[in-house]
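These notes concern the structure reproduced below.
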Number of protein chains: 2
Amino acid sequence: MIDETDRKILRLLQENARMTNKELAAKLDLSITPVYERVKKLERKGYIKGYSARLDHEKIGKGMMVFMHLKLQVHTHENIRHVIEEVDHLEEVMECYHVTGETDYLLKVMVKDMPAYETFVVEKLTKIKGIANINSSIVMSTVKSTTSLDV
Amino acid sequence: MIDETDRKILRLLQENARMTNKELAAKLDLSITPVYERVKKLERKGYIKGYSARLDHEKIGKGMMVFMHLKLQVHTHENIRHVIEEVDHLEEVMECYHVTGETDYLLKVMVKDMPAYETFVVEKLTKIKGIANINSSIVMSTVKSTTSLDV
DNA sequence: ATTGAAAAAAGAATGGG
DNA sequence: CCCATTCTTTTTTCAAT
């Protein structure tokens with residue numbers, strides 16, 4: 001189990017993964033060694049899965065975000081497996097979840113702009129066999145977006 | 001503008017934000033200095049917005065994810081401002097987008113479990129004035145989840 | 001578990017192609 | 001824009017508590 005000191009480390013590393021052990025130690029009122037040991041433990045035990053650079057979507061040409069609700073034609077094991085496999089390979093699909101409710105799957109898709117989105121839908125998504133229905137919610141603006149969980 | 005070398009650096013740092021300049025240099029067949037200069041430039045120009053630790057949702061007690069579609073009662077400037085302000089303050093809300101389609105806002109919510117979700121809905125979300133309607137899609141399983149954009 | 005110190009590695013800064 | 005070198009800082013290990 002992890003204690004409050006570990007949770008503080010996780011909070012700080014969520015905000016800045018490149019914070020040095022020295023900086024962490026200063027904020028936690030500890031010496032460097034225990035901080036070093038704790039970070040290694042959190043990595044080893046899988047609390048920390050990795051470290052990522054956060055990029056500017058607009059600047060790197062992924063300024064358009066769309067949430068797409070997919071409904072399957074038939075819910076056979078084979079159809080589910082096939083659709084999942086195909087969706088997984090699409091680089092535009094950042095996230096895909098099996099969800100409860102009216103639809104079966106929810107996808108978060110990121111593309112450059114509207115023409116790129118149309119190409120994605122026409123050339124890739126609708127070519128996947130087994131999808132009955134697609135309902136899209138285009139993101140007009142981002143009210144809030146964080147990757148930092150309340151640990 | 002950025003070139004292919006810059007894009008490779010962004011790709012690698014998305015996967016591992018703690019990769020050293022030495023490792024980057026080896027993968028790019030460059031010496032350390034240009035790599036150092038390029039990373040600093042990408043940070044300075046805002047292509048890299050920051051670095052985050054990726055945590056294990058289950059392990060830190062955020063094992064339940066729900067997407068919630070919100071519809072507003074009235075679309076006055078004042079009501080929109082109020083709802084946005086309140087939603088922004090909720091720690092369970094990781095993302096909130098203004099979207100096209102049937103509903104107005106899409107929220108990604110992360111909580112510990114079903115009781116915590118019920119508490120969130122009853123004690124927090126439904127206490128916000130101005131929300132007409134909530135439609136929830138509970139995540140049963142994650143088919144794909146990546147933070148690495150195809151740069 | 002934490003401290004302090006020492007060795008190894010990486011980062012920052014500089015002068016030159 | 002890139003390379004090589006030096007200087008500084010950080011990471012990592014280890015003895016001691």
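Just so we're on the same page: letters track the sequence lines, and every chain starts at 1. Being a predicted model, the structure only gives us computed values, none of them experimental.
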Show me, pair by pair, the donor-acceptor contacts under 3.5 angstrom made by side chains of residues 25-32 of chain A, not counting sequence neighbours?
none

Does A:E86 use its side chain to pair, donor to acceptor, with the backbone of A:V83 at less than 3.5 Å?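 Side chain of A:E86 to backbone of A:V83, a donor-acceptor pair under 3.5 Å: no, none is there.
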Determine whether a donor-acceptor pair (N or O, by modelled atom type, separation under 3.5 Å) exists between the side chain of A:H82 and the backbone of A:G130.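 Flag not set: sc A:H82 to bb A:G130 has no pair under 3.5 Å.
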Rounded to the nearest angstrom, tell me the gap between atom CG in B:N21 and atom P in C:dG11.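 Nearest whole value for this atom pair: 5 Å.
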Nucleic acid contacts - residues 45-54 of chain B versus DNA chain C, non-hydrogen atoms under 4.0 Å: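 The stretch gives none, as no residue of it lies under 4.0 Å from the strand.
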Can you list, in residue-number order, the parts of residues 2-17 of chain B that come under 4.0 Å of DNA chain C, counting heavy atoms only?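 Close to the strand, none.
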All pairs passing ring pair (Phe, Tyr, Trp, His ring centres under 6.0 Å) where residues 54-80 of chain B contributes a residue, at least two apart: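 Sorted pair list: A:H69-B:H69, A:Y97-B:F67.
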Which residue pairs pass the ring pair (Phe, Tyr, Trp, His ring centres under 6.0 Å) test when at least one of the two sits in residues 17-53 of chain A, sequence neighbours left out?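 Qualifying pairs: none.
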Paired and unpaired positions of DNA chain D as dot-bracket, Watson-Crick or G-U wobble under 3.5 Å, | denoting a partner strand: ||||||.||||||||||
Any salt bridge linking B:D6 with B:K45? Criterion: basic side-chain nitrogen under 4.0 Å from a carboxylate oxygen.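 Looking at B:D6 and B:K45, the cut-off is not met.
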Please determine whether a side-chain nitrogen of the Lys or Arg among B:K40 and B:E37 lies less than 4.0 Å from a carboxylate oxygen of the Asp or Glu.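 Not counted as a salt bridge, because no side-chain N and carboxylate O are separated by less than 4.0 Å.
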With P as the reference atom in both, quote the distance from C:dA12 to D:dT12 in angstrom, rounded to an integer.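 Straight-line distance between the two P atoms is 16 Å.
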Show me the donor-acceptor pairs within less than 3.5 Å that the side chains of residues 105-123 of chain A make with the rest of the protein, sequence neighbours left out.
from, atom 1, to, atom 2, distance (Å)
A:K108, NZ, A:E95, OE2, 3.0
A:K108, NZ, B:E95, OE1, 2.8
A:K108, NZ, B:E95, OE2, 3.4
A:D113, OD1, A:A116, N, 3.1
A:Y117, OH, A:S136, OG, 2.8
A:T119, OG1, A:P115, O, 3.0
A:E123, OE1, A:K127, NZ, 3.3

Qualifying residues under salt bridge (charged side-chain N to carboxylate O under 4.0 Å, His left out), relative to B:E15, sequence neighbours excluded: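 If we apply the salt bridge (charged side-chain N to carboxylate O under 4.0 Å, His left out) test to B:E15, skipping adjacent residues, there are no hits.
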Reading DNA chain D from 5' to 3', where do the contacts with chain A start and stop? Cut-off is 4.0 Å to heavy atoms.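 Answer, 5' to 3': D:dT10 to D:dC14.
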Nucleic acid contacts of residues 23-43 of chain A, taken as heavy-atom distances under 4.0 Å to DNA chain D: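 Close to the strand are A:I32, A:T33, A:Y36, A:K40.
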Measure across [X] and [Y] and return the closest heavy-atom pair with its distance rounded to 0.1 Å.
| X | Y | answer |
| --- | --- | --- |
| B:V39 | B:I48 | O-CD1, 4.5 Å |
| B:D88 | A:V143 | OD1-O, 4.3 Å |
| B:C96 | B:V87 | SG-CG1, 3.9 Å |
| B:L24 | B:M19 | CD2-SD, 3.5 Å |

With sequence neighbours excluded, residues passing side chain to side chain donor-acceptor pair (under 3.5 Å) with B:E4: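 Per chain and number, B:E4 pairs via side chain to side chain donor-acceptor pair (under 3.5 Å) with B:R7, B:R11.
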With sequence neighbours excluded, residues passing side chain to side chain donor-acceptor pair (under 3.5 Å) with A:R54: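 Applying side chain to side chain donor-acceptor pair (under 3.5 Å) to A:R54 gives B:S52.
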